[in-house]
**Q** 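Dropping the structure in here first, questions after.
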Amino acid sequence: MSPLPEINSLGAYLKNRRTKLDPTSFGVGGGRRRTLGLRREEVAQRANISTTWYTWLEQGRGGRASADVLDRIARALTLTDIEREHLFLLGLGRPPAVHYRGSDAITPRLQRLLDVLSYSPAIVRTPTWDVVAWNRAAAAVFTDYGTLPPDQRNILRMIFCDPNSRTKQSDWQSVARFVVSSFRIDAARAGADAEVTRLVEELSEASPDFAMMWRDNNVQTHGDGVKQLRHPLLGPITLEYSAFAVDGRPDLSLIVYNPATAADRSLIESLVEGQPAPISA
């Protein structure tokens, strides 16, 4: 029995995407074309790589392409975010690096997901820890972010620049160190260098505590854990939290805080039901 031929998944995908493009939208149509979609040389020219190299990729020759080459091919083929991710998985065996968008827009569907969590505070934050969405429970338990200017809805600014934050935390030092360590790794993953530099300079000048913790260079993931608060109205409450990536927006994180006990849930329920609706963004 003869061996099965090796499948060139990357080449098949590139050819499939290339042949589905409309040449006229790229200004290369006109006349009769024997090739569906764009020609190999046209994709190569748009990606600023040699036609030979691109042809080898489609044919499964020439070795593995770099992330830079795949990025240029993705732009040349006008791939969507999910198509670009698939290209990287086929070509490099990993997704592309997350690019910080700097946009605070979320979909109405994601906001509805937050809102359905009636007594579980939930927020969406950026890699620089700006809160860009929240639900009613988060407004009641943490703070009504809608009453704050957008540039003040930043968790690091609240922790290090708001004196009231120390009274709300059962162990402010541990919480502050955890936030800085998690922020460092989130920002590095997102490639938000310029935004991080500005924020770090601002916080280092405003808070000696932040400057000291930033110099420690500690990193820590913000996956799940337990958060203990001293709420001004509820007293001590304990929340279990979990962090999730937002599909299609890897630069955003969804954090859900569940009451740790039935007593905690009862306290939060009474607070939420007794509060007016929060101010929206």
Side-chain angles (χ1 to χ4, degrees), residues 114 117 119-187 196 199-200 202-244 253-272 274-275 278:
L114 298 180
L117 301 170
Y119 306 121
S120 293
I123 62 172
V124 175
R125 59 167 175 75
T126 69
T128 53
W129 288 51
D130 289 313
V131 177
V132 296
W134 57 93
N135 63 3
R136 190 178 180 190
V141 174
F142 300 144
T143 188
D144 189 352
Y145 302 99
T147 64
L148 303 174
D151 65 338
Q152 294 304 310
R153 298 171 191 165
N154 181 276
I155 295 173
L156 286 108
R157 289 191 180 100
M158 293 177 184
I159 290 288
F160 289 97
C161 301
D162 181 2
N164 293 326
S165 70
R166 294 179 182 257
T167 63
K168 295 178 181 177
Q169 308 296 334
S170 60
D171 185 350
W172 183 88
Q173 282 283 344
S174 295
V175 170
R177 289 185 182 278
F178 173 77
V179 166
V180 172
S181 300
S182 300
F183 159 66
R184 182 186 291 277
I185 199 168
D186 282 352
V196 169
L199 184 57
V200 167
E202 172 196 332
L203 292 172
S204 295
E205 185 175 345
S207 170
D209 287 316
F210 176 86
M212 176 190 67
M213 294 177 189
W214 185 254
R215 287 194 300 267
D216 286 341
N217 276 288
N218 293 327
V219 292
Q220 190 170 356
T221 185
H222 189 211
D224 54 54
V226 175
K227 183 178 184 64
Q228 295 181 323
L229 286 177
R230 289 200 296 255
H231 194 275
L233 298 178
L234 303 180
I237 57 172
T238 302
L239 302 166
E240 297 174 337
Y241 66 83
S242 297
F244 306 90
S253 296
L254 166 65
I255 320 295
V256 179
Y257 299 83
N258 285 315
T261 68
D264 291 315
R265 186 187 187 281
S266 179
L267 286 172
I268 293 173
E269 181 178 354
S270 65
L271 180 67
V272 170
Q275 291 282 325

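Note that the numbering runs from 1 along the sequence shown for the chain.
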**Q** Quick one: OH on Tyr257 to CG on Leu229, what's the gap to the nearest 0.5 Å?
**A** 8.5 Å
**Q** Once you round to the nearest 0.5 Å, how far does OH of Tyr119 lie from OG of Ser270?
**A** 9.5 Å
**Q** Less than 4.5 Å apart, any side-chain heavy atom of Val180 and any of Asn218?
**A** no
**Q** Is a donor on one side and an acceptor on the other found under 3.5 Å between the side chain of Thr167 and the backbone of Asn164?
**A** yes
**Q** Once you round to the nearest 0.5 Å, how far does OG1 of Thr147 lie from OH of Tyr145?
**A** 10.5 Å
**Q** After noting the C-alpha distance and the side-chain angles of Asp264 and Thr261, does the key distance pass the side chain to side chain donor-acceptor pair (under 3.5 Å) rule?
**A** CA-CA 5 Å; Asp264 291 315; Thr261 68; 2.9 Å; yes
**Q** Going by the angle between their ring planes, with limits at 30° and 60°, are Trp172 and Phe160 parallel, tilted or perpendicular?
**A** perpendicular
**Q** What heavy-atom pair brings Ala122 and Leu114 nearest, and what distance separates the two atoms?
**A** CB-CD2, 3.8 Å
**Q** Working note: Leu271 + Leu267, criterion side chain to side chain contact (heavy atoms under 4.5 Å, CB included); need CA distance, chi angles, decisive distance, verdict.
**A** CA-CA 6 Å; Leu271 180 67; Leu267 286 172; over 6 Å; no
**Q** Do the side chain of Ser204 and the main chain of Val200 share a donor and acceptor less than 3.5 angstrom apart?
**A** yes
**Q** Which heavy atom in Ala260 sits nearest to a heavy atom in Glu240, and how many Å separate them?
**A** CB-CG, 4.1 Å
**Q** If you measure only the distance, is there a donor-acceptor pair under 3.5 Å linking the side chains of Asp130 and Thr128?
**A** yes
**Q** So which of Val132, Leu254, Asn135, Ile155 actually passes side-chain contact (heavy atoms from CB on, under 4.5 Å) with Ile123?
**A** Ile155
**Q** Any salt bridge linking Asp162 with Lys168? Criterion: basic side-chain nitrogen under 4.0 Å from a carboxylate oxygen.
**A** no
**Q** Taking C-beta and beyond as the side chain, do Leu203 and Cys161 meet within less than 4.5 Å on heavy atoms?
**A** yes
**Q** Mark yes or no for whether Arg157, through its side chain, and Asp151, through its backbone, hold a donor-acceptor pair below 3.5 Å.
**A** yes
**Q** Restricting to non-hydrogen atoms, name the atom on Ile159 and the atom on Ala176 that form the minimum distance, rounded to 0.1 Å.
**A** CG2-CB, 4.0 Å
**Q** Could you measure the distance from the CG atom of Leu199 to the CG atom of Asn154? Nearest 0.5 Å is fine.
**A** 5.0 Å
**Q** Would you say that Trp134 contacts Thr143 through its side chain, given a criterion of any heavy-atom pair below 4.5 Å between the two side chains?
**A** no
**Q** Can you name the closest pair of heavy atoms from Ser120 and Ala137 and give their distance?
**A** C-CB, 3.8 Å
**Q** Enter the distance from Arg265:CZ to Asn258:CG here, rounded to the nearest 0.5 Å.
**A** 10.0 Å
**Q** Run the side chain to side chain contact (heavy atoms under 4.5 Å, CB included) check on Thr238 and Lys227 step by step: do they pass?
**A** CA-CA 6 Å; Thr238 302; Lys227 183 178 184 64; over 6 Å; no
**Q** For Arg230, what residues pass the salt bridge (charged side-chain N to carboxylate O under 4.0 Å, His left out) criterion, not counting sequence neighbours?
**A** none
**Q** Which atoms form the tightest heavy-atom contact between Val141 and His231, and what is the distance?
**A** O-CD2, 3.2 Å
**Q** Do Gln152 and Met158 have side chains that approach each other closer than 4.5 Å (heavy atoms only, starting at C-beta)?
**A** no
**Q** Can you check whether Asn217 reaches Arg184 side chain to side chain, under 4.5 Å on heavy atoms?
**A** yes
**Q** At what distance, to the nearest 0.5 angstrom, does CG of Asp144 lie from CZ of Arg136?
**A** 11.0 Å
**Q** Under 30°, 30 to 60°, or over 60°: which ring-plane class applies to Phe183 and Phe210, parallel, tilted or perpendicular?
**A** tilted
